[in-house]
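Notes for the one structure printed next.
In listed order, ligands and their atoms are each counted from 1. Each residue takes its place number in the sequence, starting with 1. Computed from a prediction, not measured in an experiment: that's the story for all the values here.
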Amino acid sequence: MPFRTIIEPFRIKTVEPIRHTTRAQREFALKTAHYNLFLLKAQDVLIDLLTDSGTGAMSSAQWAGMMQGDESYAGATSFYRFEQAVKEITHLAHVIPTHQGRAAERILFGSLLKPGDIVPNNTHFDTTRANVEYRKATALDIPIPEARDPQLEHPFKGNIDLEALEKVLQENPGRVPLAMITVTNNSGGGQPVSMANIREASRICHRHGVPLFLDACRFAENAWFIKLREEGYQEKTPREIAQEMFSYVDGCTMSAKKDGLANIGGFLAMNDGELAQRCKNMLILTEGFPTYGGLAGYDLEAIAVGLHEVLDEDYLRYRIRSVAYIGEELIRDGIPIVRPPGGHAIYIDAKAMLPHIPQHEYPAWALSLVLYLEGGVRTAEIGSVMFGQQPDGTEKPAPMELVRLAFPRRTYTQSHADYLVEVLLHVNGLKDRIRGVRIVEAPPTLRHFTAKMAPAHGSLVAKE
Ligand code: F0G
């Protein structure tokens, strides 16, 4: 191709207006939302990068598929289409639909874990960790050491530490009912995991008789990184790469709100028939019959089509490139981000950007509030508000203080990206005046969703 520009590989058929607000309006909105961006009204947000989960645009083929939704309570045609789409990629024997990823986690852990167990993972996502801990088991994060240094470049910074995995399994026989690998590693910066790492982790687990599960939320983005960066995969299609990734594991949990390109849905899949039966029994108790699992027939159709579209090369090239573009602009402007840029998100290293704010005043949370105040952009803290609260009620600072800019799929365009870079530059210009925040009130678990916060020193941005 003689042209360099990678364009959005779609044209727009339906539009949804977004609303500009004034700084004064946003100041008021923040106060009303107790300085917690989760408590804002979406209509007060201009560019919403809170999450890439369920926020993407569906294609015309997905909407057309939804019209064919079979809403039969049991044995719906839509279930079989969905099941086939999942099996074509994963080759896993039993596919159980759930309303989203965390339902798959709860059902899996509810069927497998007992108090005192340990679940190793490269890095648990917050709901995964919470669901493990809810069973009184330990969620153990063992990413490779390189993952802890935000500025360090590594092609597969999402890898699990194989030595640490071997050690946990050796030292805790009978206490590790499963190990997990999260692709891509969301809480660790949206970084990919290499095929070699998955293959070797699988070998180690199987030598110890422990099943390995993928948290497969962003499996297609991970497959694309393997194609770009791992020796021997350049000529393979994303589908072939994904199939190989799944060939090493015994099961997976999945949120179809990410690489299912759907607005809701998820699944649990595995080879162990006896475990699948136990999971289905629990599914019936809280989600629904095993051929719909809490979803409408039309949701299953949207996911079936989405799983096909997400492996399209033009889509993946555009997806990964457009996130990298923003990352490169920020690096050029001296804004510290987790390097290299992740698949679905850019993570700003708030500890490096705001060294004057101590961790107990939550620098990443403060930065996310200022990004909204100044530019109407909503992001998410992945730092000590999210991870600082320990199961025993004590507080421990998180290893990193990150602000995540997560990009909904097929939703924003290049000019939104350029606006965003401008906002970040502007905020970087006033970084020395940004002040910390404090917790006013918080629930005992997953506090970031509902905590009431306040500026620790009167205002978020000190006067000049
Ligand atoms: N695992 C990972 C790696 C995730 O990123 C998420 C969700 C889940 C599991 C749970 O899936 O939301 O469908 O229940 N992540 C979203 C995010 C919420 O913003 O990163 P869910």
Heteroatom distance test (Thr51, ligand 1): nitrogen or oxygen, under 3.5 angstrom: yes
Protein heavy atom at shortest distance from atom 8 (C) of ligand 1: Phe125 CD2, 3.5 Å
Whether Tyr412 and His416 hold their rings parallel, tilted or perpendicular, with breakpoints at 30° and 60°: perpendicular
For Thr182, atoms of ligand 1 separated by under 4.0 Å from a heavy atom: 3 (C)
Separation between CH2 of Trp63 and OG1 of Thr14, rounded to the nearest 0.5 Å: 8.5 Å
Closest protein heavy atom to atom 11 (O) of ligand 1, given as residue, atom name and distance to 0.1 Å: Lys258 NZ, 3.2 Å
Derivation and outcome, side chain to side chain donor-acceptor pair (under 3.5 Å), residues Glu105 and Thr128: CA-CA 6 Å; Glu105 292 163 3; Thr128 323; 2.9 Å; yes
Any donor-acceptor N/O pair, Trp365 side chain to Tyr35 backbone, under 3.5 Å: yes
Salt-bridge criterion met for Lys258 and Glu221 (N-O under 4.0 Å): no
Residue pair Asn186, His344: steps toward the side chain to side chain donor-acceptor pair (under 3.5 Å) verdict: CA-CA 8 Å; Asn186 184 9; His344 67 296; 3.0 Å; yes
Polar atom proximity, Arg102 to ligand 1 (N or O, under 3.5 Å): yes
Ligand 1 contact on Lys257 by region, counting heavy-atom pairs under 4.0 Å: side chain
Glu105: numbered ligand 1 atoms lying under 4.0 Å from its heavy atoms: 1 (N), 8 (C), 9 (C), 10 (C)
Pair Arg409 + Glu309: basic N to acidic O under 4.0 Å: no
Atoms of ligand 1 close to Gln100 [distance to a heavy atom under 4.0 angstrom, numbered from 1]: 12 (O), 13 (O), 14 (O), 21 (P)
Ring centres under 6.0 angstrom apart (Tyr73, Tyr292): yes
Any Cys217 heavy atom less than 4.0 Å from ligand 1: yes
Option nearest atom 13 (O) of ligand 1 (shortest heavy-atom distance, choices Ala216, Ser255, Ala256, Gly54): Ser255
Region of Arg404 that comes within reach of ligand 1 [heavy atoms, distance under 4.0 Å]: side chain
Distance in Å, Thr411 OG1 paired with Glu8 CD, rounded so as to fall on 0.5 Å steps: 11.0 Å
Close approach, His344 and ligand 1, non-hydrogen under 4.0 angstrom: no
N-O pairing of Lys236 and Glu230 below 4.0 Å: no
Among Asp215, Ile382, Val183, Asn185, closest by any non-hydrogen atom to atom 3 (C) of ligand 1: Asp215
Ligand-side contact atoms (ligand 1) for residue partner Gly101, heavy atom cut-off under 4.0 Å: 11 (O), 13 (O), 14 (O), 21 (P)
Heteroatom distance test (Thr127, ligand 1): nitrogen or oxygen, under 3.5 angstrom: no
